[in-house]
Amino acid sequence: MTTIKASCTQCGDVTLVPAQLHLVVSNRAELSSYSFQCPTCLDLVTKSADEDVVALLISGGVAVDRWDLPAEALEAHSGPPLTYDELLDFALMLSDQDLLAEQLRILAT
Ligand SMILES: [Zn+2]
C-alpha cells in the first residue's frame, strides 16, 4: 500500500494513505492545494501544491479535483460597489417582468 508522508503544523510528520488526501488542481498554479485531516490531532491541514507536489501526489494515487478560477474573478472592476438597496431594487425589478422589460428597452435605445 502506498503511503505518503505529510507534515501537520501541530504534530510534525504524519503518514497518510492516498484516500486521506484531497488534492485540488487549479488553472492558476498558485491556487493548487492539498489538504488532509491530521490522524493525530484531527486538525484540517491545507497546503499549497506546486507542480512537483501535484505530480508526486498524483503518482502516489491521490485523486484530483479540478477547480478553475472563473475568468470573471480576474477582471478589473471600476465604480463604486453595489449597495444593498441597489441589489434589493434589482431583485424587485426581476419580480416585475414588465418593469424589467421596460428598463431593458430603455438601455437598448
Ligand atoms: Zn496534527
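Computed from a prediction, not measured in an experiment: that's the story for all the values here. One-based numbering, in listed order, for ligands and for the atoms of each.
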Output a table of donor-acceptor pairs, distance under 3.5 Å, between side-chain atoms of residues 33-46 and any protein atom two or more places apart or on a different chain; print 'none' if there are none.
unit_1: Q37; atom_1: NE2; unit_2: L42; atom_2: O; d: 3.2

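- Under a 3.5 Å cut-off, the side chain of S32 and the backbone N or O of S26 do form a donor-acceptor pair.
- How far CG of D98 is from CD of Q103: 12.0 Å, rounded to the nearest 0.5 Å.
- Within the hydrophobic cluster formed by Ile, Leu, Val, Met, Phe, Trp and Tyr side chains joined at under 4.5 Å, directly or through other members, L69 is accompanied by V24, L31, W67, L74.
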Donor-acceptor contacts, no H, no angles, side chain residues 75-95, under 3.5 Å, sequence neighbours left out:
unit_1: H77; atom_1: NE2; unit_2: E75; atom_2: O; d: 3.3
unit_1: T83; atom_1: OG1; unit_2: E86; atom_2: N; d: 3.1
unit_1: T83; atom_1: OG1; unit_2: E86; atom_2: OE1; d: 3.3
unit_1: E86; atom_1: OE1; unit_2: T83; atom_2: N; d: 2.8
unit_1: S95; atom_1: OG; unit_2: L92; atom_2: O; d: 2.6

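- Under 2.8 Å from the Zn ion (ligand 1), one finds the following protein N/O/S atoms: C8 SG, C11 SG, C38 SG, C41 SG.
- Both V64 and L21 belong to a common hydrophobic cluster when Ile, Leu, Val, Met, Phe, Trp and Tyr are linked at side-chain heavy-atom distances under 4.5 angstrom.
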